[in-house]
2 protein chains.
Amino acid sequence: MARKTKAEAEQTRTLILDTAEKLFHEQGVSHTSLADIAQAAGLTRGAIYWHFQDKLDLFNAMHERIAMPFSETLEKLATLEDPLGALRIRCIEDLENLVDDEHLCRVLSVILHKCEYVAEMGQLCERFDSHVCKVMEAKEKVMYHAHQLGQLRRGLDPHLAAVALHNFMLGTISDWLFAPERHCSLRRDARVLVDIFFRGIAAAPLPD
Amino acid sequence: MARKTKAEAEQTRTLILDTAEKLFHEQGVSHTSLADIAQAAGLTRGAIYWHFQDKLDLFNAMHERIAMPFSETLEKLATLEDPLGALRIRCIEDLENLVDDEHLCRVLSVILHKCEYVAEMGQLCERFDSHVCKVMEAKEKVMYHAHQLGQLRRGLDPHLAAVALHNFMLGTISDWLFAPERHCSLRRDARVLVDIFFRGIAAAPLPD
DNA sequence: ATTTACATACATTCATGCATGTATGTAAGA
DNA sequence: TCTTACATACATGCATGAATGTATGTAAAT
């Protein structure tokens, strides 16, 4: 086939990523072959091997497309005057936004429920782990600052507060993605759920 | 090969399950072939196909071995005089016990992190889903009873309290299994973590 | 004697990785 | 400006190695 212009090639790369994302979500990562992806994208395996080293590299690229937004803006919350309140708002927004972001839903669903974390994916596990750690550290900073401002319940370890929040959000997203709207409507109940948690760590009653 | 006695056959079946559990945990479900399991167990694929219809059937059997204890005893908590307190103790114990139960850790780890939930596993998903629903209903009963006794914060929906608790426990277990002792020592911090949550839903301060 | 509890053998179906082909974009020289 | 020389962006084909399901063999338990 003919050579394409750089812009077209970039478009092809994006098409491959979009298609992979979709098929991974429908069939699972290990049950989706590169041939499947190529066919669904109207290409051949050659195209995929041109843009990506192998399946793992493709998966990594898929993760990179959504990894950034999470930890970045979180850091800034620690410097605000009401860190705990800001963190609460942020958590509620994260859940509410997730509902409308099909793209993010698919990728998170793949990561949480359509992928096996084993030796072969070792490189991947480490990347995820380091990413989670970065997010945790950011949350920890916010909690620590909130602690210094007396916003946390007395005697509460800021580190454990961050861990607990992380676990709560992870479980909430994980369960909702597994069976959307089964146990709760995330769009409707996000605020109530998050507030249940924050009432557990806040020194003062939450604002209305 | 020679025929074995019924007891020996049952032993073979258990050996297959144990081996599958171990390999699923090490290599992931879809990356573990029946040949792998047979070889590791010192058998052939014929033995597995004798005891189980196919891989999915084997997986189901593995799940059944650990599914019972969860929802069963949970129901009874609703009838106690301090349902919320009993539920809290139960959650703490569940986490603490998990740490020492290698068998349970492996299977939960497989279910949460070494398995892809897709169409092929449809039957499996439904089973999990119905199991989760049963556990949720049990927790909901406890919450409802606690609500009637005035143990829940006023204005708190017992159903959402149950959902939130389920999400919190799921996230805690999931994260700990993914990177044990990375964020927290479950053995040491189980009580603190659970109490963070229960302070969010309880009307009165927790007992020491 | 018949069923049980496996082992063995075979046929079929993917999925992968690589090797090779090929036609075009693109930059530099004349 | 036109050509040349190459790199690019894929397509195609093949060799190889699993993994599965099934069919059949077999020796002991019942």
Side-chain angles (χ1 to χ4, degrees), chain A residues 1-20 22-24 26-62 114-116 118-124, chain B residues 1-20 22-24 26-62 114-116 118-124:
Chain A
M1 190 199 230
R3 180 184 175 193
K4 305 282 184 63
T5 173
K6 282 184 187 175
E8 285 173 315
E10 185 54 35
Q11 216 174 328
T12 300
R13 193 187 127 97
T14 301
L15 175 64
I16 292 173
L17 281 171
D18 287 341
T19 310
K22 195 178 153 205
L23 289 192
F24 283 164
E26 287 171 12
Q27 320 180 24
V29 175
S30 68
H31 293 82
T32 300
S33 69
L34 296 182
D36 289 341
I37 298 171
Q39 194 192 352
L43 300 165
T44 65
R45 279 175 35 234
I48 299 178
Y49 275 103
W50 172 255
H51 286 283
F52 306 95
Q53 280 200 349
D54 51 20
K55 203 168 161 183
L56 186 64
D57 188 41
L58 173 59
F59 193 105
N60 268 324
M62 187 187 90
K114 281 98 166 48
C115 176
E116 299 179 358
V118 284
E120 185 200 7
M121 295 286 207
Q123 176 196 348
L124 188 64
Chain B
M1 190 195 232
R3 180 185 174 189
K4 304 282 183 63
T5 171
K6 278 184 188 176
E8 286 172 315
E10 186 54 35
Q11 214 174 331
T12 300
R13 191 187 130 97
T14 300
L15 174 63
I16 293 173
L17 281 171
D18 287 341
T19 309
K22 195 179 153 207
L23 289 192
F24 284 164
E26 286 170 14
Q27 320 181 22
V29 175
S30 68
H31 294 82
T32 300
S33 69
L34 296 183
D36 289 341
I37 298 170
Q39 193 191 353
L43 300 167
T44 65
R45 279 176 38 242
I48 298 178
Y49 275 102
W50 172 256
H51 286 283
F52 307 95
Q53 281 200 348
D54 51 20
K55 202 169 161 182
L56 186 64
D57 188 42
L58 173 58
F59 193 105
N60 269 323
M62 188 186 90
K114 282 98 164 49
C115 175
E116 299 179 0
V118 284
E120 185 200 8
M121 295 286 206
Q123 175 198 345
L124 189 63

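A, B, ... follow the sequence lines: proteins, then strands. Residue 1 opens every chain.
Rounded to whole Å, the distance from CZ on B:R13 to P on C:dC6 is 12 Å. In this structure, A:L23 places its CG atom 12 Å from P of C:dA15, rounding to the nearest Å. The distance from atom CD of A:E8 to atom P of C:dA23 is 18 Å, rounded to the nearest whole Å.
Once rounded to the nearest 0.5 Å, the distance linking CG of B:L17 with NE2 of B:H51 reads 9.5 Å. To the nearest 0.5 angstrom, B:W50 atom CH2 is 13.0 Å from B:T44 atom OG1. With values rounded to the nearest 0.5 angstrom, B:K114 atom NZ is found 11.5 Å from B:H31 atom NE2. How far CE of A:M62 is from CG of A:D18: 11.0 Å, rounded to the nearest 0.5 Å. Rounding to the nearest 0.5 angstrom, the gap separating the NZ atom in A:K22 from the OG1 atom in A:T32 is 11.5 Å.
Residues from residues 48-55 of chain A with heavy atoms under 4.0 angstrom of DNA chain D, sorted by number: A:W50, A:H51. Within a heavy-atom distance below 4.0 Å of DNA chain C, the residues of residues 27-47 of chain A found are A:S33, A:L34, A:R45.
Of the residues listed (A:N60, A:I37, A:V29), the one engaging A:K55 in a side chain to side chain contact (heavy atoms under 4.5 Å, CB included) is A:V29, and it is the only one.
Note on the helix from C:dA1-D:dT30 to C:dA30-D:dT1: angle between the axes of the first and last five pairs equals 10°, rounded to 10 degrees.
Between A:I48 and A:L34, the shortest heavy-atom contact is CD1-O, 3.4 Å. In this structure, A:E116 and B:E116 approach most closely via the heavy-atom pair CG-CG, 3.7 Å. Listed here is the closest heavy atom pair of B:A41 and B:L15: O-CD2, 3.5 Å.
Contact check, B:T12 against C:dC6: a side-chain N or O comes under 4.0 Å of OP1 or OP2.
For the pair B:F59/B:Q123, no side-chain contact is recorded, criterion being any heavy-atom separation below 4.5 Å from C-beta on.
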